[in-house]
Each structure stands twice: as structure tokens, then as C-alpha cells.
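First up is the structure itself, then whatever we jot down about it.
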Amino acid sequence: AWMDADFRRQLSAQRERVEDAFEFEGRKVGRGSYGQVFKTKPRSCADASAGDYALKQIEGSGLSMSACREIALLRELKHPNVISLKQVYLAHETRQIWLLFDYAEHDLWRMINFHASAKKCNSQVSLPPNFTKSIMHQILCGIHYLHSNWVLHRDLKPANILVMGATSPERGRVKIADLGLARLFHQPLTPLTEIDPVVVTFWYRAPELLLGARHYTKAIDLWAIGCIMAELITDKPLFYCKQEEDIKTSSPYNRDQLERIFSVMGFPSQQDWRDLPHLPKYGDLVRNFGTGQQYARFSLGRHMSRSFGMSETSSEFRLLSRLLAMDPLRRPSAREALEDRYFLEEPRPAADVFNDFDIPYGKRDFISDSSDNKDDPARLHFASRGRHLAVASQQQQRPICSQQLPHRFDS
Ligand SMILES: Cc1ccc(-n2nc(C(C)(C)C)cc2NC(=O)NCCCNC(=O)OC(C)(C)C)cc1
């Protein structure tokens, strides 16, 4: 051994073990191909007030490529709106890698689903007037920081936008994360009405990606932020498209998703998007959609005003339509978006997106391993229909559809 045995023994005796430092038995809140995540408290400080931590046990053993990438990336990044890596634990015996993060009780996927369910039961939950503006401001601040460090996110969607809970010193602060893909079958089976947050969806993918663009760009992240803004306003995914039942081909071209985008945005003309004919899948586009005449009367303004009564002259709509420019060259940078009039007008964005409103969302559920029953016939049924079919996450908190909505959910 390159280190003398005695010294190694000494190091090993001193090394802090993650199981000695944290209580995480039965506190699993996330499961996926990346590994699993626990909601933990340090064993040392007994007082419950100390913030919680998210402890991610990385799948596999040893320094995998993804473990290296996550550690190397996150240890360099420090911004209030980006998830922060607190500590790395290397268990030498098992060669396991554990990453320690601040714990975020909420995320936009669960929050938006909560409001969508509340609407269905007509039990509207009141929100601050600057709710969307505050969230958008903090997402753009976080992405501006990442982009200025030449870090592209590549998979922005509501599930990756975390929000700190009531017990955190950073109550109501947005933290951009990348939770990776979660396995689908750890959730008990419930109706397919809600698509699991982490099924691979194309709803946030920029049109140039669907048409075969070979490289991710900052503009691709800004398109996704536009999709998230629309979803915050309407509680519905703007470019919702049914999930494929069978395993998707590897082709980036997704006709149904493009069809959905055109039926909201209209079809891009030569003037709208000069470089469109140079995209690899332009031939497929012409074959499937011809000149796009059938979408001539559609536009974002028409969609947002007819479906959600949104004024096309509002600064909110103006920013949304800038972010959702079909031509990536016409989308604003994160800095240009932050300078938009929308953020300078009343009400101004707040540091705590909930302001002093009660937080109506439930806490994350703990996942029990027993629900990972491999022999569950229903699981096999869904499995046979392809891994894209999701079993809706039981973790989704539905508001109680009764008149007396309890005052505080998060206490
Ligand atoms: C392989 C790899 C995986 C993830 C990341 N990554 N990238 C980013 C940027 C782009 C936002 C900086 C962030 C990450 N990693 C994470 O966000 N990891 C979070 C793990 C903590 N999980 C977590 O808090 O999960 C709950 C369910 C409690 C919300 C990098 C590399």
C-alpha cells in the first residue's frame, strides 16, 4: 500500500462516518437511477430547530463519472438560488459516496399540482400577487449565475425548481437543482391522472432540440423558463403532450410535441426563424407539416388571452412571449430577461416567494422500501407498457377537498 498501514489505520479511525453523523433510517424522500435521497438531521445538535439536510447516496460504488461531475461542478458553484453542496462523504469500506445538501421541502412540480387540484375542487388557495414574479426572478438569477459560469442546465422543469420550506432559515427561496431521473415504480399505484414529475417529458424542450439541434445552448434553458412561467400562471403545462406508451426511439424529432407547440404558438414563418431550414430535421418537418397553413391563426397571445384572459399588452405577457421566441437567437439572455420592465413594476419580486402567507403544501412523504415490491402484478403491467408510463407519485399532496381547509399545513 502506498501509505504505511499504521497511518492508514489512524486516518480510518478518525474519518467521520455518515451513519455516525446523521440519522436517516426510514427517512428516504427520493429514489432514482442516480441513487437515493434522505431527509436527515445531524445527530449532534438535538434541537429540532436546526435545518434539515438532504443526504444523497450515489448509486453504485467508487467515483463514477456522474459522481465526479456532480462533485466537481457543485463544489465550484455558490449562489443563493442554486442548490449548495455542503459536504462529501466517502465510505472507504463500501466505496459509497454520499453528498450533503440543504433540504428543500417544496418544488414547483408539487406546488403547481397542488394549485391545479385545488382549482378542480374549487377550493382556491390564496397566493401573494407577486408569487409568479418572485419565483421567475429567482430562477433567472440562478440561471444567470450558472450561464455566466458557462454551466448549462439542460433539463429545467418544475420538478428541478426547489423552494425552501417554513423551517428553513431561507424560507421561500428558490434553489435550482438537477434531481436526475427517478425510477418510476417505487410509488404505490394510483390513477394515471398525474404524470410523475420525472418521467422524461418533452414539454419543456425547445423547438430547435426537437428539430435535431446538435448542441445545448443558453437559449434552450431560457425556453424552458418560459414554459415554467406559463405553467405558474395557468397551473397547466403549456406544451402538454401525452406521454408515449412505448420506449421512445432515440430520435430527437417528436412530431406530437412539435404539433402541440405549433397549435399554441402558430407555425414559424421564414421571417420568424431564418435558420429553421438549416436544422437537421427540417425535411421531416416539411413532410409532416407542409407549409403549416393549418396553424396560421394560432398564436401565444390568442392562446393566453382566450384560455386564461391574459392581456397581450401586459408586461407579464411581453416577457413570456420574448422567452418563448421560436428562433433561439431572438430569446433574451437571463440578464436581459432580468432587466425586463416586468420586474421593475409593482408588485416587486420578493426574497420569500410566499411573502408572509401560510405555506399550504404538505411535507414530502417518506418512501418505504416495501413499496418497491418487485412482484406487484400492476407494476409488471405498467412495466410491460414501457418505462415512460408513470405511476403517479403518491407523494403528491392533494388539498383536502372539504370546506374547512386546515389553517396551516406545514406546522
Ligand atoms: C451527475 C449530476 C447530477 C446532478 C448535477 N447537478 N447539477 C446541478 C446544477 C446544474 C443545478 C448546478 C445540480 C445538481 N445536483 C443536484 O441538484 N443534486 C440534488 C441532490 C439533492 N436532492 C434533493 O434535495 O432531493 C429532494 C427530493 C430532497 C429535493 C450534476 C451532475
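One-based numbering, in listed order, for ligands and for the atoms of each.
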Checking a contact table here: which protein heavy atom is nearest atom 1 (C) of ligand 1, and how many Å away? Ser66 O, 3.4 Å
For Ala177, the atoms of ligand 1 under 4.0 Å from one of its heavy atoms are 11 (C), 17 (O)
Heavy atoms only, cut-off 4.0 Å: how does Asp107 contact ligand 1, side chain, backbone, both, or neither? neither
Considering residues at least two apart in sequence or located in another chain, which fulfil the side-chain contact (heavy atoms from CB on, under 4.5 Å) criterion with Leu77? Leu73, Tyr145, Leu146, Asn149, Val151
When you measure from atom 21 (C) of ligand 1 to every protein heavy atom, which one gives the shortest distance, and what is it? Phe101 CD1, 3.6 Å
Proximal candidate to atom 12 (C) of ligand 1 [heavy atom criterion; set Leu77, Ile143, Ile176, Ile58]: Leu77
Verify whether the ring centers belonging to Tyr53 and Phe101 lie closer than 6.0 Å. no
Taking distance alone, with N or O pairs closer than 3.5 Å, would you say Arg69 contacts ligand 1? no
Would Lys56 and Glu70 pass as an ion pair if we require N to O under 4.0 Å? yes
Tell me which protein heavy atom sits closest to atom 8 (C) of ligand 1, plus the residue, atom name and distance to 0.1 Å. Asp178 CB, 3.8 Å
Side chain or backbone of Ala54 under 4.0 Å from ligand 1, or both, or neither, by non-hydrogen atoms? side chain
Parallel, tilted or perpendicular: which describes the rings of Tyr361 and His115, with under 30° parallel and over 60° perpendicular? perpendicular
Among Arg364, Glu70, Met65, the residue with a heavy atom nearest to atom 30 (C) of ligand 1 is Glu70
Who passes salt bridge (charged side-chain N to carboxylate O under 4.0 Å, His left out) against Arg173, sequence neighbours left out? Glu170
In ligand 1, the atoms that come under 4.0 Å of a heavy atom of Leu74 are 12 (C), 13 (C), 14 (C), 15 (N)
Is it the side chain (CB and beyond), the backbone, both or neither of Lys39 that lies under 4.0 Å from ligand 1, heavy atoms counted? neither
Residues Glu105, Lys39: salt bridge by 4.0 Å N-O rule: yes
What's the shortest distance from atom 10 (C) of ligand 1 to any protein heavy atom, and which residue and atom give it? His153 CD2, 4.1 Å
Answer with side chain, backbone, both or neither: which part of Leu99 has a heavy atom less than 4.0 angstrom from an atom of ligand 1? neither
Full working for ring pair (Phe, Tyr, Trp, His ring centres under 6.0 Å) between Phe114 and Trp109: CA-CA 9 Å; Phe114 179 93; Trp109 185 80; over 10 Å; no
Could you check whether Glu259 pairs with Arg255 (Lys NZ or Arg NE/NH1/NH2 to Asp/Glu carboxylate O, under 4.0 Å)? no
Distance from atom 19 (C) of ligand 1 to nearest protein heavy atom, with residue and atom: Ile83 CD1, 3.8 Å
The ring-ring contact (aromatic ring centres under 6.0 Å, His included) partner of Phe239 among Tyr204, Phe202, Trp203, Trp223 is Trp223
Around atom 28 (C) of ligand 1, find the nearest protein heavy atom and jot down its residue, atom name and distance. Tyr103 CE1, 3.8 Å
Taking heavy atoms and a distance under 4.0 Å, where does Tyr34 meet ligand 1: side chain, backbone, both or neither? neither
Between Phe267 and Trp273 (judged by ring centroids, cut-off 6.0 Å), do the two rings come close enough to count as a pair? no
